[in-house]
2 protein chains.
Amino acid sequence: MNVINESPRRKELTRLAAQLFVQEGFDRTTVRMLAQEMGIKSGSLFHHFRDKQEILAAVIEEGTHNALAMARQALVECGPDAESRLRAMARAHLETLLTDRNAHVVALYEWRRLDPEARAHLSHLRDAYEALWEEVIDAALAQGLIHGDRFLVSRFVMGALNWTVRWYDPRGPRTPDDLADELVAMITRHPA
Amino acid sequence: MNVINESPRRKELTRLAAQLFVQEGFDRTTVRMLAQEMGIKSGSLFHHFRDKQEILAAVIEEGTHNALAMARQALVECGPDAESRLRAMARAHLETLLTDRNAHVVALYEWRRLDPEARAHLSHLRDAYEALWEEVIDAALAQGLIHGDRFLVSRFVMGALNWTVRWYDPRGPRTPDDLADELVAMITRHPA
DNA sequence: GTCTATAATGGGATAGAC
DNA sequence: GTCTATCCCATTATAGAC
């Protein structure tokens, strides 16, 4: 079962599950909670998913798939220079994390809860997303926009971005785009 | 019950619990697992802790207390300039996360699992640690070593550091100190 | 301080009717 | 596609003996 041929019921359940997994965490979310959100009984869930693990896998597939699609789109629409591309990636990343605020967060924070088979099945998606980042960061390094080790820079940047989930308050004065721009400014070296 | 007057048994249990909470997560760690690690039966645990929540609170108190102590010590021993102090904080932070690899990680990643009373009781420790960071970052900003918004810079830096837990491999070529130095280099602006 | 035994609860999952 | 009913199991926590 992949992202493309899903029933509408299953799609809606995946959406609700993502929300609960972010709020409560995967382990503390019970099938009964999810069923109640959907307005059905817990037994009925297992018509749509084999088990609770499959719900998690569906959410994470959705979240990663979406992040990848958003990032690709952002790269198509932005300017060709390394800084524009870096900013576009950071903005897209934070939009999926802070605005959408669901499936991608689960993908990042509950990845370890996936069983080995699901992890194997989904790692290509994750790798594709990370490859996009490395490509953009490589270009920024090659151009001297940023300095340092390719591996470390990309992980530090991802860490700074991913951690925003823990403290960002959407009611505050800053938009996700503001955050992305500030981060890029922090690590790039301009002629003033 | 605070960090100072703990029985040796309780101290050892707290240490083992920290290890399990990092490996498995708080929710998936059962009292039976912890008891087995200790070589006792699960019922015996409740002689040392009122309930499972209190175990978590003990681990988090230990982790935050320790991080604060290490950071203070590092600031005493390092050079007086803003860059030395920033590097010292980053090194101390990563040492508690990656070398000790236990209680401080739990403090960061399982804070949300604390019940409200425990959170209220421990937030002063956490605030003291964050105040130390803000002080050092303020100095670096004032001196022009780094640029940007005080609030955002400190959260981006903490995010980059905290996320290392997810990917750092101690068998790799880099030490935690290498990571700290590279991060400081990435965000500071030198005359080349 | 630890044991045995067990209470009390809630969890994931199934079967078969509708 | 959902319901009811229920099974089976693991979990936290307690009581009282040693």
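Numbers restart at 1 for each chain; the letters A, B, ... are given by sequence-line order, proteins then strands.
If you measure from atom CZ of B:Phe46 to atom P of D:dA13, you get 5 Å, rounded to the nearest angstrom.
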Show the numbers, then the answer: is there a side chain to side chain contact (heavy atoms under 4.5 Å, CB included) between B:Met186 and A:Met186? CA-CA 9 Å; B:Met186 189 177 84; A:Met186 190 178 85; 5.6 Å; no
Please evaluate residues A:Asp27 and B:Phe26 with respect to the criterion side chain to side chain contact (heavy atoms under 4.5 Å, CB included), reporting the C-alpha separation (whole Å), side-chain torsions for both, the decisive distance (0.1 Å), and the verdict. CA-CA 10 Å; A:Asp27 292 320; B:Phe26 173 67; over 6 Å; no
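Side-chain contact check for B:Leu179 versus A:Arg155: every heavy-atom pair is 4.5 Å or farther apart. Taking 4.5 Å as the limit, every side-chain heavy atom of B:Pro176 sits out of range of all side-chain heavy atoms of B:Glu95. Counting heavy atoms from C-beta on, the side chains of B:Tyr168 and B:Leu94 never come closer than 4.5 Å.
Nucleotides of DNA chain C that come within less than 4.0 Å of any heavy atom of chain B span, from the 5' end to the 3' end, C:dG1 to C:dT4.
The residues A:Arg91 and A:Asp181 are annotated as salt-bridged, a charged nitrogen and a carboxylate oxygen being separated by less than 4.0 angstrom.
The stretch residues 13-33 of chain B comes close to DNA chain D through B:Thr29, B:Thr30, B:Val31, B:Arg32, each having a heavy atom under 4.0 Å from the strand.
Residue contacts shown for B:Lys52 are limited to sugar-phosphate atoms, with no base heavy atom under 4.0 Å away.
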Which donor-acceptor pairs under 3.5 Å do the side chains of residues 130-137 of chain B make with protein atoms, sequence neighbours left out?
from: B:Trp133; atom 1: NE1; to: B:Tyr129; atom 2: OH; distance (Å): 3.3
from: B:Glu134; atom 1: OE1; to: B:Arg150; atom 2: NE; distance (Å): 3.4
from: B:Glu134; atom 1: OE1; to: B:Arg150; atom 2: NH2; distance (Å): 3.1
from: B:Glu134; atom 1: OE2; to: B:Ser154; atom 2: OG; distance (Å): 3.4
from: B:Glu135; atom 1: OE2; to: B:Arg85; atom 2: NH2; distance (Å): 3.4

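For the pair B:His47 and A:Asp51, nearest-nucleotide mapping onto DNA chain C gives the more 5' position to B:His47.
Within the 6.0 Å centre-distance limit, the rings of B:Trp163 and A:Tyr109 are counted as a close aromatic pair.
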